[in-house]
Amino acid sequence: MSRHRLTVVLSQAQGKNPAKRALEESVAAALIMESGLDVSIVPYLYDLDPEHTGRLYMESIGGDMVVLSWMYPRAAYWLLDRVGVKGHYSENQITPPPEKDDEEDSEPAPPKGIGAVNVPNRHIYCLDMRDHNNHTIYVDEVRRIAAECRERRDAEAPKAPVALVQLGGLTTDNGPRTTDQFKPEQLLAQPGRRWYPVIDYSRCTNCMECLDFCLFGVYGVDSLDRINVENQDSCKRGCPACSRVCPEQAIMFPDYKTAAIAGAPVGNISGLKIDLTKLFGGGDAMAIAAQERDRELVADGRSAVGLTVGIPKRQADKTQEPKDDLDKLMDSLDALDI
Ligand code: SF4
Ligand code: SF4
């Protein structure tokens, strides 16, 4: 096998939307005709639990990788990082449609977070299948990425050691596995839907405010004392409360309807004049988050705590807006569906 093969993983959309399935099939059918690519299909990335064959398969891939999924690239990349599918974040060159692009907003703020750890010498490209419904755009971009990866590997070849990857008693060289070793029907076993936060460590400063705020035991710290989404499935479905509390906009819920929380590029949200300090980290946001948290506490048979527990000190002196204003903000965000 050539060391320049590129693995392409297409992550299906949730549900059975025929238009989405048709796009997936068109992309996959075109890509499997390309030389130098190993193409696999797995269910919706966010829903894969630790035992799912699709996730084990992705964990076993050693080389450069393209991931096509129905979510923002930032969310897909950090979701994979969390489960050990690591690599250098690599930008794709697909231009989002105008409604997802914002020429008026400023450039995204430079990353100031603690970053990823143990990143191997390979690159991960995440493409958002929601950007276009023309499959050739994705196929052309994968071709371009394949050429870019070949050039990079050729330049690095003399100093690139071959790493071994261990998976379930099987040892493989650094080349990607194929569906010969992971049966397609196993890869495609449909998982149940999941809901949990994904942390963007390029933005996260390890302040632990999310850990203090969440009263459901979702967050913890890892062996390096870094914030970690420890108990993913303890998170309350549909609630994005802690994403509003994070001062760095580092917490994403890829399935949430507002783009800012789902992982849209920070500082580049839909061309809409939304005051993100109200959505993330402002006094309003904190009150909204507390309301959302209270709703889940009460649903669990516990007492509401309002703003008395786990609220960052930076909010202590902020004047809360009247409830009407909160409702108006929430209504306008819901109406905009950003
Ligand atoms: S609140 Fe945000 S910045 Fe602070 S530790 Fe949590 S994810 Fe990181
Ligand atoms: S959304 Fe709620 S339950 Fe889930 S991690 Fe955040 S605060 Fe905890």
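Remember, it's 1-based here, ligands and their atoms both numbered in the order they're listed.
Summary of contacts: the protein heavy atom closest to atom 3 (S) of ligand 2 is Phe216 CD1, 3.4 Å. At the shortest separation from atom 4 (Fe) of ligand 2 among protein heavy atoms lies Cys235 SG, 2.3 Å. Nearest to atom 8 (Fe) of ligand 2 among the protein's heavy atoms is Cys214 SG, 2.3 Å. For atom 6 (Fe) of ligand 2, the closest heavy atom belonging to the protein is Cys242 SG, 2.3 Å.
Inclusion of Cys210 in the first shell of atom 6 (Fe) of ligand 2 is not supported: no N, O or S atom falls under 2.8 Å.
Around atom CG of Asp49, more than 12 heavy atoms belonging to other residues, nucleotides or ligands sit under 6.0 Å away.
For ligand 2 and Tyr219, the ligand atoms under 4.0 Å from any heavy atom of the residue are 5 (S). Less than 4.0 angstrom separates some heavy atom of Ala241 from each of these atoms of ligand 2: 1 (S). Those atoms of ligand 2 that come under 4.0 Å of a heavy atom in Cys239, given as number and element, are 1 (S), 2 (Fe). The atoms of ligand 1 that sit less than 4.0 Å from any heavy atom of Cys204 are 3 (S), 5 (S), 7 (S), 8 (Fe). Each of the following atoms of ligand 2 lies closer than 4.0 Å to a heavy atom of Lys236: 3 (S), 4 (Fe). Of all atoms in ligand 1, numbered sequentially from 1 with element shown, those under 4.0 Å from a heavy atom of Met208 are 4 (Fe), 5 (S). Atoms of ligand 2 lying under 4.0 Å from at least one heavy atom of Val218, given by number and element, are 5 (S), 8 (Fe). Atoms of ligand 1 found under 4.0 Å from any heavy atom of Ile251 (numbered from 1 in listed order, with element): 7 (S).
The residues Glu148 and Arg152 are annotated as salt-bridged, a charged nitrogen and a carboxylate oxygen being separated by less than 4.0 angstrom. For the pair Glu292 and Arg244, the salt-bridge criterion is met [side-chain N within less than 4.0 Å of a carboxylate O]. A salt bridge links Arg5 with Asp38: the distance from a Lys NZ or Arg NE/NH1/NH2 to an Asp or Glu carboxylate oxygen falls below 4.0 Å. A salt bridge links Arg194 with Asp233: the distance from a Lys NZ or Arg NE/NH1/NH2 to an Asp or Glu carboxylate oxygen falls below 4.0 Å.
Here atom 2 (Fe) of ligand 1 lies nearest to Cys246 when heavy atoms of Ser243, Cys246, Pro197 are compared.
For the pair Arg143 and Tyr138, the cation-pi criterion (under 6.0 Å, within 45° of the ring axis) is not fulfilled. Remark: Arg237 is not positioned above the aromatic ring of Tyr196, lacking an NZ or CZ atom under 6.0 angstrom from the ring centre and at most 45 degrees off the axis.
When non-hydrogen atoms are compared, ligand 1 lies under 4.0 Å from the backbone of Asn206 (N, CA, C, O) but not from its side chain.
Residue contact check for ligand 2: Phe253 places a non-hydrogen atom closer than 4.0 Å to it.
A donor-acceptor pair shorter than 3.5 Å can be found between the side chains of Tyr44 and Asp255. In summary, the side chains of Tyr125 and Glu91 do not present any donor paired with an acceptor at a separation below 3.5 Å, with no hydrogens or angles considered.
Using the six-membered ring where Trp is involved, Trp195 and Tyr46 have ring planes that are perpendicular, over 60° apart on the 30 and 60° scheme.
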